[in-house]
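Encoded as structure tokens, the structure appears first; notes follow it.
Letters A, B, ... are given to chains in the order of the sequence lines, protein chains preceding strands, and every chain is numbered from 1. Excluded from the calculations below are hydrogen atoms, water molecules and symmetry mates; all remaining heavy atoms, backbone and side chain alike, are included.
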Number of protein chains: 4
Amino acid sequence: MAALQKSIDKRNALIQATIELVNNDGFHATPMSKIAKMASVSPATIYLYFDNKQDLVNKTYIEVKACYTAYAFETYDETMPVEYGFKVIWKRIAEFKIKESANALFLAQCDNTPMIDEASRQEGIKHLQPLLDLWARGKKEGIIKPLSDYLLYAYAINPLSFLMMAQNRGSIQLTQLELDQAYEAAWSSIKVCK
Amino acid sequence: MAALQKSIDKRNALIQATIELVNNDGFHATPMSKIAKMASVSPATIYLYFDNKQDLVNKTYIEVKACYTAYAFETYDETMPVEYGFKVIWKRIAEFKIKESANALFLAQCDNTPMIDEASRQEGIKHLQPLLDLWARGKKEGIIKPLSDYLLYAYAINPLSFLMMAQNRGSIQLTQLELDQAYEAAWSSIKVCK
Amino acid sequence: MAALQKSIDKRNALIQATIELVNNDGFHATPMSKIAKMASVSPATIYLYFDNKQDLVNKTYIEVKACYTAYAFETYDETMPVEYGFKVIWKRIAEFKIKESANALFLAQCDNTPMIDEASRQEGIKHLQPLLDLWARGKKEGIIKPLSDYLLYAYAINPLSFLMMAQNRGSIQLTQLELDQAYEAAWSSIKVCK
Amino acid sequence: MAALQKSIDKRNALIQATIELVNNDGFHATPMSKIAKMASVSPATIYLYFDNKQDLVNKTYIEVKACYTAYAFETYDETMPVEYGFKVIWKRIAEFKIKESANALFLAQCDNTPMIDEASRQEGIKHLQPLLDLWARGKKEGIIKPLSDYLLYAYAINPLSFLMMAQNRGSIQLTQLELDQAYEAAWSSIKVCK
DNA sequence: AATGAATGAGAGTTCATTCAT
DNA sequence: GATGAATGAACTCTCATTCAT
């Protein structure tokens, strides 16, 4: 049991180191040796847990993405009314992007570069289903505009990534006020105007 | 004059090659030798035009960003009414992202990774001023919500990047209908609701 | 007793795995981990039976060489007349090279590369004595040419290695006819012509 | 012209270094860095002349083999009578194995291990044709036994490799006497006995 | 101005060997 | 005796950069 735990710890340390270093330097500027050092293992040890560097980022991506969606839907339940449900999810996502900014940053970088292979990208997308279901419900009820999921995501969710990155770079400070304003903008963009 | 032209051609070829290769493979997976080959020059020649690899991407970024803003504001003029002016700019930006998708993709990649140094990033941002002025005007006139420029950009403009990348990856097809819907969503998110 | 047997089995499995893998990939292209896997033991276990990789091949060589000579002389006895005795040994050697081609191949590879240390090479040579004695007798009786043992071996025995390797590579097929012809050539080369 | 010569020199130095080091240590025990050092170039330079390590040995093999056959047939001409022609070729081959023992040793090692890929092996075999033609003639004239080329080679030529290696290891000394004896043995093994 | 050849430094990865269990 | 996990050292190969021409 102790041995297994040690293995899990090492794997986790490697994942964490990957996130941090890729965030700071980018994928290709991050040598395996640096990841190993930060995780306090030998470079060779990485290869006990991952096939190669590509596999390491792929798996890291999938794991972080799973974290992200789990966090997003933790307090949501499908019986909630559409507008309220959306607010619940939106706030959780915003919280994740702010509190877990390293993770969020890593996802943003992966999603905007040829760093992750297509299979892992698909794998990562799967868990968003509850949000898509909510939107479908909202559209049927005439509360949400009849737009494609991509369009809805682009306006309702994705701007948070942009804001998170701006904050991370020190360009802005996301206070509660800004978050409320952002929510308003998000909801305005997709709700049906009466 | 012919000699100067040849120089400019080479520099341009290098910039183009950089954009294309970085788009496909990412910055660090793009060797200087490959850029040289695609531009039909010797690797050594790159160093006649740029200090080093970092300088090459920085300069490429600044140049593409300048292209982008020039395109964005080409048909805009400061005497236009706020809503109309915004529409004019938004459509041009959308057009750029679709017609010049290689350039747009390159910018998106730069904006989401530690690939560009901070100075170049700042340099690239400068030319957005007309849009910020328009927004200031809109806020004063009570047409646009009193939000920070970053928030406005996040909701009014940035989603286009997300959509462009989704289209580039083959996930969606941006027809005129989708573009009109996107514009509606963008404008809804920042306009003051009466 | 059962425990001892298990030990012997493991040692043998390691020796067999070494032969097969070295035959296919060569000494240095054969990792200890692969040998261990093929022998169904842990890499660490190899070091309970052998000092290190070099020791493993050395001991394998010596063991296979002992097999080879034991096989060669099994049906020979020193009272046989020279020509008949030679034929008996030659046929057994030919049989070994064909029936035990993995072993024979391994010896050929060892004998032609700096893979085995000199001590083991000497150790392996010792058991050929009966053949050298036969030749000495044959020379005394004026039946075999008065050549050095190396010369006799080069023409009477060694060509079989070449033929075995050609067959192994699929270049030729050694039927009974070819073997008889080979024997004739071998005997012609060393017998005294009357 | 001078630049081209320098290139050729470097390539040759690399080939020579490869031969010497592989002879002493074997293929896989010879790191590229050692080859580079012995040829007085940077490790990276090797890759300007060869695709990779495998390509380096393959090309070395082909080049040495070409040397070997060129040497073998230099003084031979197809109008010579069979026995005399064979003697001429045999002596040249023997001379090559003794005078160019490094080259000969290298070929022997390549021919007995999975070090060279099959294509290069085939490529290397091509230039032996004149010898095969001679044998065909000898067989037609009833001078040489009607054996397959492989059998003839195994007895007439290949033993020289064994002898050369024994001499190289210091086990024997090939004087003129031994060479004459070897020739006699070779010829005896393939000539038709009257 | 332009280059092809050259390279030092460092990348990802493997492997013989060890050690705690 | 047996092991799986761990690793330092060494491997092949790449690449940003330089330099003689």
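A heavy-atom distance below 4.5 Å is not found between the side chains of A:Ser120 and A:Lys65.
In this structure, the CZ atom of A:Phe50 is 15 Å from the P atom of E:dG12, given to the nearest Å. D:Asp51 places its CG atom 10 Å from the P atom of F:dC13, with the value rounded to the nearest Å. Distance, A:His28 NE2 to F:dT14 P: 14 Å, rounded to whole Å. At whole-Å resolution of the value, CD1 in C:Ile46 and P in F:dG4 are 12 Å apart. Between B:Leu48 atom CG and F:dC19 atom C1' the separation is 12 Å, expressed in whole Å. Note: CG (B:Leu56) to C1' (F:dC15) measures 15 Å, nearest angstrom. Between the P atom of F:dC15 and the NZ atom of B:Lys37 lies a distance of 11 Å, rounded to the nearest Å. Between A:Ile35 atom CD1 and E:dA11 atom P the separation is 11 Å, expressed in whole Å.
Although no hydrogens or angles enter the test, the distance criterion places no donor-acceptor pair under 3.5 Å between the side chain of C:Arg11 and the main chain of C:Phe50. Although no hydrogens or angles enter the test, the distance criterion places a donor-acceptor pair under 3.5 Å between the side chain of C:Lys53 and the main chain of C:Phe27.
When each of F:dG8, E:dG8, F:dT17 is scored by its nearest atom to the side-chain atoms of A:Ala44, the top-ranked nucleotide is F:dG8. Side chain of B:Asn52, nearest nucleotide from E:dA11, F:dT17, E:dA6: F:dT17. The nucleotide whose nearest atom lies closest to any side-chain atom of A:Met32 is, among E:dG12, F:dC13, E:dT17, E:dG12. Candidate nucleotides E:dT18, E:dA2, E:dT13 were compared by shortest atom distance to the side chain of C:Tyr47, and E:dT18 ranks first.
Across all strands shown, B:Tyr49 has heavy atoms under 4.0 Å from sugar-phosphate atoms exclusively, and none from any base.
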- Go through the steps to decide whether B:Thr60 and B:Leu56 satisfy the test side chain to side chain contact (heavy atoms under 4.5 Å, CB included), and finish with yes or no. CA-CA 6 Å; B:Thr60 301; B:Leu56 169 59; 3.9 Å; yes
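More than 12 heavy-atom neighbours from other residues, nucleotides or ligands sit within 6.0 angstrom of CD on B:Glu63.
Remark on DNA chain E: of its neighbouring residues C:Pro31 and A:Phe27, the 5'-side contact belongs to A:Phe27, judged by nearest-heavy-atom nucleotide. Take the nearest nucleotide of DNA chain F for B:Lys53 and for C:Val41: the residue whose nucleotide is more 5' is C:Val41. Judged by closest nucleotide on DNA chain E, D:Ser42 is the one of A:Thr30 and D:Ser42 placed further toward the 5' end.
With both pairing distances under 3.5 Å, E:dC15 is matched to F:dG8 as a Watson-Crick or G-U wobble pair. Pairing for F:dT21 is with E:dA2, a Watson-Crick or G-U wobble pair whose two hydrogen-bonding atom distances lie under 3.5 Å.
D:Tyr47 and D:Asp55 share no donor-acceptor pair across their side chains, judged by distance under 3.5 Å alone.
Contact between the side-chain N/O atoms of B:Ser33 and the OP1/OP2 oxygens of F:dC15 is not found at any separation under 4.0 Å.
Of all heavy-atom pairs spanning C:Leu105 and C:Asn23, the tightest one is C-OD1, 3.6 Å.
For residues 10-25 of chain D, proximity to DNA chain F is found at no residue, defined as any non-hydrogen atom under 4.0 angstrom from a strand atom.
Atom NZ of residue D:Lys10 and atom CG of residue D:Asn12 lie 13.0 Å apart, to the nearest 0.5 angstrom.
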